[in-house]
Every structure is written in C-alpha cells, then in structure tokens.
Amino acid sequence: MLLQRVITALVLLAILLPALFYPSTVPFTLVVLVLMAAGAWEWGRLSGYGQAGSLAVGAACVALCGASWALGWIDRPLTALWIVGGGLWVLCAAWLLRAGVPGWGRIPSAVRLVAGVLALWLAWLAVVQARMLGVNFLLSVLVLVWVADIFAYFAGRAFGLRFTKNKLAPSISPGKSWEGVWGGLAGVIVLAFAWIAADAHWQAAVPSFYSRLAQQGGWLLVISVLFMVAMSVAGDLVESLIKRSAGVKDSSGLLPGHGGVLDRVDALLPTLPLALMLTRLTTPI
C-alpha cells in the first residue's frame, strides 16, 4: 500500500509540476480539467449511476468547463460568482453537517447530481484563475489545505480527546477530533506568517494569498485563514458524509493507494472558490 501511494504520488507530480510551471496556463488548465472530469465520473457513481451514466456526468462537467473557457470566463473577475458560490458552500455545508448522513438521502437525486457537477466546475474555474494570478498565489492556497490536513492528523494522534470529551463528527468521520482541528488552525497560522515573511524576503513578484490579505490588516488575515481552515474541514466532512451514505470507503480506485480524485480534492472544492472570493473582495488585482 505504501509503495502504491508513493508511485501514484510521483506519477501525479510528474504530470502536474511541468504543467503548473509551464509559461502558458493552457497545459495546467487541461490537466485540471481531466481531473475534474474524473471527479465528476466518481460523482456519478456515488449518485448511483452506472458506467454509462457516470461517463455522461463526466462529459457534462467537461462541457460546462469548456463552455466557460470558450466564453472567456477564466479571464474575468467573476466577483459575483465567487460570492454566490462561496456563500452556497458555507450554507449548504452547515446544513448538511447538521442534518448528518440521513439528510443527504432526503435531497432529490437530481439536485444532488447537479450540485456535485457545479461544485467541480466552480473549483476548476477557481484553480485556473488562481494559476493565472500566479504560481505563488495558487500554491499558497493549496498548501494551506495540505498543512491543515497534516497538522490536524498529527495533533489528533497526539492530543485527540485529551482536552475535549466529544469527537468532531463521530457519525460522519469517527477518527476526527477537535484537537486535530485546533492543530490544523495553529499550523496554518504559522504557515501564513512564514509565507508573508518569505514573500517579503525574496520580494515575490506575485503576492501570495496571505500577503494580499495582510495588505488589508493582520486581523483580516487571521480571520480569513481561520475561516479557510474551517471550510477545508467542512469539505472533507461533506465528502465523508456522502461516501458513508453511498456505503463506500473511497470515491473510486483511480489513484492506487489514495482512493479517488474526490478523496484528494474534497477540502479544495470549497476553499478554492472562497480564496478567490476573499481575494476579489479585499485586494485590488
């Protein structure tokens, strides 16, 4: 299993890194489009569709992304879209986590299907725009989610249930604890200030997500970072809730040793659009 994870990670890096650092954004845009199409195919399977139906869901996601690309949306600020999309993520995630696994089954299947495709499309649009803002900006958002996850894991292992009596969401993801969340928050706060210092030291041509927020004041930076970590946790829990409702452990086996695409991007689905929302609202671009 460990060897599978390492090999899969190396293959993904070999594909993603050249596309990420290529002078043109087109290769990266196409690579991410393929990943989102795979995620949409997984979403069709989680929604109870067979192979043909799931492929159609993937094709619909590609068509939606392609149409946005052809219309030039990737070059536009789309501030209203980020506000609406980010707001819906916050409201829907809060409702779902409160309703629990049974609540997911009460939502009409057509609504669930459309919501999943729209979430993947919105994330694709956000990650493409983030790349167009600059590699430093995009990486600062991606690393936020990864650091939150890593620090949460180790803090949960070391301190889980030592300071609180209840787990974070026992009916959805029994392994997560509040101590893990606090560890993730602490890790990302340190990351943010370290990244700002690095931007200043190396005089980054493209400001990171953190440096852009810090221009408006330290309080906005801290509140925004805490909010982003909370939503990354919410994204992870929402996908766990959906998988539990579907009775599966992983969204698919497309990434040996890692599960499926949705298992890797679940926390990014809300955080990428929200990062664009905060950036468009608070800093001139």
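These values consider heavy atoms only, across backbone and side chains, with no hydrogens, waters or symmetry-generated copies.
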State plainly whether one hydrophobic cluster holds both Trp219 and Val190, where clusters connect Ile, Leu, Val, Met, Phe, Trp and Tyr through side-chain heavy atoms under 4.5 angstrom apart. no
Calculate, to the nearest 0.5 Å, the distance between atoms OG1 and CG belonging to Thr279 and Leu274 respectively. 10.5 Å
Rounded to the nearest 0.5 Å, the CD1 atom of Ile15 sits from the CZ atom of Phe28 at a distance of 13.0 Å
Return the CG to CH2 distance between Leu96 and Trp104, rounded to the nearest 0.5 Å. 6.0 Å
Between Ser24 and Pro27, the two heavy atoms sitting closest are O-CD, 3.4 Å
Please tell me if the side chains of Val261 and Trp41 come closer than 4.5 Å, counting only heavy atoms from C-beta onward. no
Ignoring hydrogens, what is the shortest heavy-atom contact between Glu179 and Leu161? Give both atom names and the distance. OE1-N, 3.1 Å
Less than 4.5 Å apart, side chain to side chain, heavy atoms only: is that true for Val143 and Phe209? no
Would a 4.5 Å heavy-atom cut-off, applied to side chains only, mark Asn136 and Trp202 as touching? no
What heavy-atom pair brings Val145 and Ser232 nearest, and what distance separates the two atoms? CG2-CB, 4.3 Å
Spell out, as yes or no, whether a donor-acceptor pair under 3.5 Å connects the side chain of Arg131 to the backbone of Leu20. yes
Can you confirm whether Leu81 sits close enough to Leu276 that some side-chain heavy atom of one is under 4.5 Å from a side-chain heavy atom of the other? no
Indicate if Leu237 and Val101 have the same hydrophobic cluster label, given that clusters are the connected sets of ILVMFWY residues with side-chain heavy-atom separations under 4.5 angstrom. yes
Would you check if Trp146 and Leu191 make a side-chain contact, meaning some heavy-atom pair closer than 4.5 Å? no
Main chain of Ser208, side chain of Asp199: is a donor-acceptor contact present, judged purely on distance under 3.5 Å? yes
Value for CG (Leu144) from CD1 (Ile189), rounded to nearest 0.5 Å, stands at 9.0 Å
Atom CG of Leu30 and atom SG of Cys65: how far apart are they, to the nearest 0.5 Å? 11.0 Å
Which pairs would a plain distance check flag for residues 262-269, meaning a side-chain donor or acceptor within less than 3.5 Å of a matching protein atom at least two apart in sequence or in another chain?
from: Asp263; atom 1: OD1; to: Lys243; atom 2: NZ; distance (Å): 2.9
from: Asp263; atom 1: OD1; to: Ser251; atom 2: N; distance (Å): 3.4
from: Asp263; atom 1: OD2; to: Ser251; atom 2: N; distance (Å): 3.0
from: Asp263; atom 1: OD2; to: Ser251; atom 2: OG; distance (Å): 3.2
from: Asp263; atom 1: OD2; to: Gly260; atom 2: N; distance (Å): 2.8
from: Arg264; atom 1: NE; to: His258; atom 2: O; distance (Å): 3.4

Please verify the inter-ring angle class for Tyr210 with Trp195; under 30° counts as parallel, over 60° as perpendicular, anything in between as tilted. tilted
Ignoring hydrogens and angles, write down the donor-acceptor pairs under 3.5 Å from the side chains of residues 115-130, residues two or more places apart or on other chains.
from: Trp121; atom 1: NE1; to: Ser68; atom 2: OG; distance (Å): 2.7
from: Trp124; atom 1: NE1; to: Thr29; atom 2: O; distance (Å): 3.4
from: Gln129; atom 1: OE1; to: Arg280; atom 2: NH2; distance (Å): 2.7
from: Gln129; atom 1: NE2; to: Trp73; atom 2: O; distance (Å): 3.1
from: Gln129; atom 1: NE2; to: Arg76; atom 2: O; distance (Å): 2.5

Under 3.5 Å donor-acceptor, Ser54 side chain and Arg45 backbone: yes
Check the pair Val233 / Leu168 against side-chain contact (heavy atoms from CB on, under 4.5 Å), numbers first and verdict last. CA-CA 10 Å; Val233 174; Leu168 178 62; 3.9 Å; yes
Heavy-atom closest pair, residues Leu213 and Ser224: CD1-CB, 3.6 Å
Between Phe159 and Thr164, does the side-chain contact (heavy atoms from CB on, under 4.5 Å) criterion hold? Intermediate values first, please. CA-CA 10 Å; Phe159 305 109; Thr164 57; over 6 Å; no
Residues Val62 and Leu33: closest non-hydrogen pair is CA-CD1, 4.2 Å
Atom pair CG (Leu139) and CZ (Phe21), whose distance is rounded to the nearest 0.5 Å: 5.5 Å
Applying side-chain contact (heavy atoms from CB on, under 4.5 Å), run through Thr282 and Arg212 and close with a yes or a no. CA-CA 8 Å; Thr282 61; Arg212 289 181 183 275; over 6 Å; no
In the structure I gave you, are the side-chain heavy atoms of Glu42 and Leu254 within less than 4.5 Å of one another anywhere? yes
Donor-acceptor pair, Thr8 side chain versus Gln4 backbone, under 3.5 Å? yes
Taking the side chain as everything from C-beta on, heavy atoms only, tell me whether Asp236 gets closer than 4.5 Å to Lys176. yes
Where do Ala214 and Ile196 come nearest, in terms of heavy atoms and distance? CB-CD1, 3.7 Å
Leu272 and Val141: CA distance, side-chain angles, deciding distance, side-chain contact (heavy atoms from CB on, under 4.5 Å) verdict: CA-CA 7 Å; Leu272 284 166; Val141 178; 4.0 Å; yes
Hphob cluster co-occupancy, Trp182 + Ile150, side-chain heavy atoms under 4.5 angstrom: no
Apply side-chain hydrogen bond (donor to acceptor under 3.5 Å, both in side chains) to Ser47 and list each qualifying residue two or more places apart in sequence or on a separate chain. none
Hey, any chance Leu88 and Ile242 share a hydrophobic cluster, counting ILVMFWY side chains that come within less than 4.5 Å of each other, even indirectly? no
Given side chains that start at C-beta, do those of Leu185 and Leu226 come closer than 4.5 Å, heavy atoms only? yes
Let me check something: do Leu35 and Tyr22 share a hydrophobic cluster, defined by ILVMFWY side-chain heavy atoms less than 4.5 Å apart, either directly or through other members? no
